[in-house]
Visitor: 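Input: one structure, supplied below.
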Amino acid sequence: MPTPKKKMLTAAQLEKMKAALIERRHEIQRLSLENLGDVEESIDEASGDSADRAAAALDRDILVDAAAREAKELHAIDEALAKIDAGTYGGCEECGNLIAMPRLQYIPNAKYCITCQERLEELGLLDDVRDEATPNE
Ligand SMILES: [Zn+2]
């Protein structure tokens, strides 16, 4: 295994982040299954009434949006897990510096350090600026 050029997380920290990522992935999968169940129920219940049907369709739209966000987050989590395996996890993809551990604990699939994240957001270079997990410091 090549030695990383930059200071990286310790094996214990990596284990911890891996566990957090896997847990988050389960959480998303569980939530999306629950949501799906709810919407299917409301579509079933929305029999004749067109207002009911409209409401059910709206629920479905919201769910589709949520599912898209979840899919994106799952993808980011898988990328982070792959980076842990590759030994590159924890480095900012923009400047290469190590992302601060508290930030990683808060957003285990963070790709950028807080400095780069803010700069990229300001420049409008991030497509997923709706990162609810980003703390407003
Ligand atoms: Zn950076």
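First listed ligand is number 1; within each ligand, the first listed atom is number 1. Computed from a prediction, not measured in an experiment: that's the story for all the values here.
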Visitor: Please round to the nearest 0.5 Å and tell me the distance separating atom OH of Tyr112 and atom CG of Asn97.
Guide: 14.5 Å
Visitor: When you check the gap from the basic side-chain N to the acidic O, do Lys83 and Glu93 get nearer than 4.0 Å?
Guide: yes
Visitor: Is it true that Glu73 and Arg24 make a salt bridge, defined as a side-chain N closer than 4.0 Å to a carboxylate O?
Guide: yes
Visitor: I'd like to know if Arg119 pairs up with Glu94 as an ion pair, taking the criterion as any Lys NZ or Arg NE/NH1/NH2 lying under 4.0 Å from an Asp or Glu carboxylate oxygen.
Guide: yes
Visitor: With 2.8 Å as the limit, count the protein N, O or S atoms near the Zn ion (ligand 1).
Guide: 4
Visitor: How far apart are the closest heavy atoms of Leu74 and Arg25, and which atoms are they?
Guide: CD2-CG, 3.3 Å
Visitor: Tell me whether Arg30 is salt-bridged to Glu34, with the criterion being a basic N under 4.0 Å from an acidic carboxylate O.
Guide: yes
